[in-house]
Number of protein chains: 2
Amino acid sequence: MSGRYGRGPRWWDSNLRKHSCRITMPRQVILDVLSNEEQHLSAEDVFLKVHKKYPDIGLTTVYRTLNLLTQIGLVVRFDFGDGKARYELSSGPEKKGHHHHLVCTKCNRIIDYDDFIEEEEKLFGKIEKVLSEKYDFEITDHLVRFYGLCEECRSEIQESL
Amino acid sequence: MSGRYGRGPRWWDSNLRKHSCRITMPRQVILDVLSNEEQHLSAEDVFLKVHKKYPDIGLTTVYRTLNLLTQIGLVVRFDFGDGKARYELSSGPEKKGHHHHLVCTKCNRIIDYDDFIEEEEKLFGKIEKVLSEKYDFEITDHLVRFYGLCEECRSEIQESL
DNA sequence: TTTGATAATGAAAATCATTTTCAATAAATT
DNA sequence: AATTTATTGAAAATGATTTTCATTATCAAA
């Protein structure tokens, strides 16, 4: 509810307008939170951060906004299998760019990496080409994730022996 | 509830015993369903198939059993982001072996592929090695998924223009 | 700038997949 | 066959997310 959001226009305004979405305070605040955050936040994480400064913004709106932003492509949604979805800004000046994940199966820590080895990027292009032809499938994106144990969890296990 | 399962012992019996799990009828039936199925079934899918022949087996047991089987490694669980988990036999004579997925973002169809191009397998070994060292992370598994539009959905879109 | 149409919001209720509880039952060991 | 204890099913509980609906704010037009 209420008022206008303090700071000036943002780079995503045009993005919202393009999709004929109104530029509202909750949307601005939620995008601000996302753009100041390097981690993958759940809807509730976003809500809590938003709530500190703007207690009037409800959880429902956070969900609705995250869905909207995902649909128009400003945000990417990940499911890491712990029951709650995570969201991350996908484009714009603060964007992270394409990256892959390391997921610790013990503590659920997620490490992003985008320092691909040279062959990695080249090969994905090639794989996508081969697969599109073989399966008549138009590939638009890919997801790569490595599962295992992070250093901390490994040492915990060591100690308990 | 009730009775004993008709057919003789199965290859997974030893697997269950190893983990001191009892070999019960619901478990046998659920494993039979999974081993006769090439698709990725949701818990409810499994329940419905099981229910046809054994209406006494409840949905709760299906969930519990799928969790158990996942824990002992007989089953792999996937989250494709549509809100329900999918399960698939991971080992044994009928097993599928490691594979990757093509996911249609329109109709949610999932295509499995395991006819990797030569470089693909080689490269993943290499990437895993580099990452384990760089991030001090012990990699045990990986997940690769390509998103896009399957042929049918593409032609639907064509027609609607 | 004010106005008006309508998109967006918040609170509460509804959903939906999955988990927990608990008393009854069946599997394995004796 | 008897005993122990894991497993089961039904119903209730949970937790994330969505829907409903009356109210409010945004933006385009006057």
Side-chain angles (χ1 to χ4, degrees), chain A residues 1-6 9-10 12-14 16-31 40-48 50-51 54-72 75 77-87 108, chain B residues 1-6 9-10 12-14 16-31 40-48 50-51 54-72 75 77-87 108:
Chain A
M1 258 188 211
S2 88
R4 178 172 285 283
Y5 192 46
R10 290 278 188 290
W12 54 66
D13 288 4
S14 65
L16 287 170
R17 285 217 192 76
K18 194 186 307 170
H19 292 269
S20 45
C21 300
R22 292 183 178 172
I23 296 167
T24 66
M25 177 169 99
R27 287 174 183 171
Q28 303 264 23
V29 176
I30 290 167
L31 277 161
H40 313 86
L41 301 176
S42 67
E44 204 190 346
D45 293 336
V46 173
F47 171 71
L48 290 174
V50 162
H51 190 78
Y54 299 85
D56 287 348
I57 297 175
L59 181 55
T60 306
T61 299
V62 172
Y63 273 107
R64 255 189 309 233
T65 303
L66 289 171
N67 283 345
L68 175 75
L69 297 176
T70 302
Q71 280 185 40
I72 70 179
V75 159
R77 173 193 157 130
F78 290 103
D79 278 295
F80 289 108
D82 66 341
K84 43 185 88 176
R86 311 273 159 171
Y87 300 86
N108 288 313
Chain B
M1 257 188 211
S2 88
R4 178 173 285 283
Y5 191 46
R10 292 277 188 291
W12 54 66
D13 288 4
S14 64
L16 288 171
R17 284 217 192 74
K18 194 185 307 168
H19 291 270
S20 44
C21 299
R22 294 184 179 170
I23 295 164
T24 66
M25 177 169 100
R27 287 173 183 172
Q28 302 264 24
V29 176
I30 290 167
L31 277 160
H40 312 86
L41 300 176
S42 68
E44 204 191 346
D45 293 337
V46 173
F47 171 71
L48 289 173
V50 162
H51 190 78
Y54 299 85
D56 287 348
I57 298 175
L59 180 56
T60 306
T61 299
V62 172
Y63 273 106
R64 255 188 310 233
T65 303
L66 289 172
N67 283 345
L68 175 74
L69 298 176
T70 302
Q71 279 184 42
I72 70 180
V75 159
R77 174 192 156 131
F78 290 103
D79 279 296
F80 289 108
D82 66 341
K84 42 184 89 176
R86 313 274 158 171
Y87 300 86
N108 288 313

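Proteins come first, then strands; the chains are lettered A, B, ... in the order of their sequence lines, and each starts at number 1. A quick note: this is a predicted structure, and the numbers were derived from the prediction, not measured. Heavy atoms only: backbone and side chains are in, while hydrogens, waters and symmetry mates are out.
- Taking atom CG of B:D45 as the reference point, atom P of C:dA17 lies 11 Å away to the nearest angstrom.
- Between B:V62 and B:A43, the shortest heavy-atom distance links the atoms CG1-O, 3.6 Å.
- The interatomic distance linking B:L16 (CG) with D:dA6 (P) rounds to 16 Å, in whole Å.
- Rounded to a whole Å, the CD atom of A:Q28 is 14 Å from the C1' atom of C:dA8.
- Considering only the side chain of A:Y63, D:dA16 comes nearest among D:dA16, C:dT18, D:dT26.
- Nucleotide C:dA17 holds its C1' atom 12 Å from the CZ atom of B:R86, rounded to whole Å.
- Nearest-nucleotide positions on DNA chain C place B:E44 closer to the 5' end than the other of B:R17 and B:E44.
- At least one side-chain heavy atom of A:Y54 sits less than 4.5 Å from a side-chain heavy atom of A:M25.
- Between the C1' atom of D:dA6 and the CG atom of B:L68 lies a distance of 11 Å, rounded to the nearest Å.
- Each of B:R77 and A:T65 has a nearest nucleotide on DNA chain C; the 5'-most of these lies closest to A:T65.
- Here the nucleotide nearest the side chain of B:A85, chosen from C:dT18, D:dT17, C:dA8, is C:dT18.
- Distance CE (A:M25) to C1' (D:dT26): 13 Å, rounded to an integer number of Å.
- In summary, B:R77 and B:D79 engage in a salt bridge, as defined by a charged side-chain N under 4.0 Å from a carboxylate O.
- Residue B:S42 has no polar side-chain atom (N or O) positioned under 4.0 Å from OP1 or OP2 of C:dA17.
- Taking OG1 from A:T24 and CD1 from A:I57, the interatomic distance works out to 8.0 Å, rounded to the nearest 0.5 Å.
- Checking side-chain atoms of A:R17 against main-chain N and O of A:R22 turns up no donor-acceptor pair under 3.5 Å.
- The CG-P distance, from B:L69 to D:dT7, rounds to 11 Å in whole Å.
- Considering only side-chain N and O atoms, B:R27 lies nowhere under 4.0 angstrom from the phosphate OP1 or OP2 of C:dA27.
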Each nucleotide N or O in nucleotides 10-15 of chain D that has a protein N or O under 3.5 Å away: list the pair and distance.
{"residue": "D:dA11", "atom": "N6", "partner": "B:T60", "partner atom": "OG1", "Å": "3.3"}

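- Applying the 3.5 Å distance criterion, the base of D:dT5 shares a donor-acceptor pair with the side chain of B:R22.
- B:N67 places no side-chain N or O within 3.5 Å of a backbone atom of B:R64 that could act as its donor or acceptor partner.
- Residue A:S20 places none of its side-chain N or O atoms closer than 4.0 Å to OP1 or OP2 of C:dA7.
- Within the structure, a side-chain polar atom (N or O) of A:N67 is placed less than 4.0 Å from OP1 or OP2 of D:dT18.
- Following rounding to the nearest Å, B:D13 (CG) and C:dA28 (P) show an atom-to-atom distance of 9 Å.
- Using cut-offs of 30° and 60° for the angle between ring planes, the B:H51 and B:F47 rings count as tilted.
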